[in-house]
Q: 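To start, I am sharing the structure in question, which I have written as structure tokens.
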Amino acid sequence: MRNNIVEFRQDPMIKIEELNQLEDKILYLNETGMDELKSYSTIISKSYVPEEFVTQFPGKNEKNTFFLKASAGIDEEGREFPETYFAIENTKDEDFPYKILGLYSFGNHYISPKVGEEVYLKMVKGKMMIRREDISK
């Protein structure tokens, strides 16, 4: 049973950043959260992912795995986010179809452990939604 569901309304990157001891957690994301992440990201080919990150996923089923590149940005509260790469696996689960295999940015590196606390991030739509703006604007 999924007893560690975290509901949130803000940007998924903010919620991930707020989690303690990320290296001990296996993160899953619902469709709404992935849609928000994709709204300021681009799906990229494995060949455009930094080598030190992409080599962490040998033998992963490429049919179910994809990479996102989130642009650097500043949210409405002034928090800065660096350019970030995500490795995502489509789990085919109905409620939480995405597993975050890893994320990589300058000074930040996360690889999902084989065993750990499973955290299900459930983004819900609401008035408190925070949008990121492109730094280059």
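All values reported here derive from a predicted model rather than from experimental measurement.
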Q: Mind checking what makes ring-ring contact (aromatic ring centres under 6.0 Å, His included) contact with Phe67, not counting sequence neighbours?
A: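 Residues passing ring-ring contact (aromatic ring centres under 6.0 Å, His included) with Phe67: none at all.
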Q: Check whether any side-chain heavy atom of Arg9 sits under 4.5 Å from a side-chain heavy atom of Met123, and report yes or no.
A: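 Result no, sub-4.5 Å side-chain heavy-atom pair not found.
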Q: Output the distance between atom CG (Asp93) and atom CD (Glu31), rounded to the nearest 0.5 Å.
A: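 Result: 11.0 Å between the selected atoms.
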Q: Return the CD to CD1 distance between Glu7 and Ile5, rounded to the nearest 0.5 Å.
A: 7.5 Å
Q: Report yes if some heavy atom in the side chain of Pro97 is under 4.5 Å from a heavy atom in the side chain of Lys92; otherwise report no.
A: no
Q: Using a 4.5 Å cut-off on heavy atoms from C-beta on, say whether the side chain of Ser105 contacts that of Tyr85.
A: no
Q: Please name all residues satisfying salt bridge (charged side-chain N to carboxylate O under 4.0 Å, His left out) with Lys38, sequence neighbours left out, ordered by chain then number.
A: none
Q: Is it true that a side-chain atom of Thr42 and a backbone atom of Ile44 form a donor plus acceptor pair closer than 3.5 Å?
A: no
Q: Taking all heavy atoms of Lys99 and all of Ser112, pick out the closest pair and write down the distance.
A: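 Answer, listing the atom of Lys99 first, then Ser112: CE-OG, 3.7 Å.
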Q: Angle class for the Phe53/His109 ring planes (parallel below 30°, perpendicular above 60°, tilted otherwise)?
A: perpendicular
Q: Begin with the C-alpha distance, continue with both residues' side-chain angles, and end with the deciding distance and a verdict on side chain to side chain donor-acceptor pair (under 3.5 Å) for Asn4 and Glu118.
A: CA-CA 7 Å; Asn4 200 1; Glu118 292 186 333; over 6 Å; no
Q: Please state whether the rings of Phe66 and Tyr98 are parallel, tilted or perpendicular, taking 30° and 60° as the class boundaries.
A: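 Judged by the thresholds at 30° and 60°, the geometry between Phe66 and Tyr98 is perpendicular.
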Q: Are the side chains of Val124 and Asn30 in contact, using a 4.5 Å heavy-atom criterion?
A: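 The answer is no, as the side chains (C-beta and beyond) never meet within the 4.5 Å cut-off.
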Q: Evaluate the side-chain proximity of Val119 to Ile26: yes if any heavy-atom separation is below 4.5 Å, no if none is.
A: no
Q: Please find the pair of heavy atoms, one from Lys25 and one from Asn20, that lie closest to each other, and give the distance.
A: NZ-O, 2.6 Å
Q: What heavy-atom pair brings Glu23 and Pro113 nearest, and what distance separates the two atoms?
A: O-CG, 3.5 Å
Q: I'd like to check Leu101 versus Thr65 (side-chain heavy atoms, cut-off strictly below 4.5 Å). Are they in contact?
A: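 In contact.
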Q: Decide yes or no for Tyr110 and Leu27: does some side-chain heavy atom of the first lie under 4.5 Å from some side-chain heavy atom of the second?
A: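 In short, these two side chains touch, coming nearer than 4.5 Å.
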Q: For Tyr40 versus Asp11, what's the shortest heavy-atom pair and its separation?
A: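 That would be OH-OD1, 2.5 Å.
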Q: Calculate, to the nearest 0.5 Å, the distance between atoms CG and OG1 belonging to Leu37 and Thr32 respectively.
A: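 One finds 12.5 Å between CG of Leu37 and OG1 of Thr32.
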Q: Might you point out which heavy atoms bring Leu68 and Ile88 nearest each other, and give the distance in Å?
A: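 The pair with the smallest heavy-atom distance is CD1-CG1, 4.4 Å.
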Q: Is Lys122 close to Val6 at the side-chain level, that is, under 4.5 Å between some pair of heavy atoms?
A: no
Q: Ignoring hydrogens, what is the shortest heavy-atom contact between Gly33 and Pro12? Give both atom names and the distance.
A: O-CG, 3.4 Å
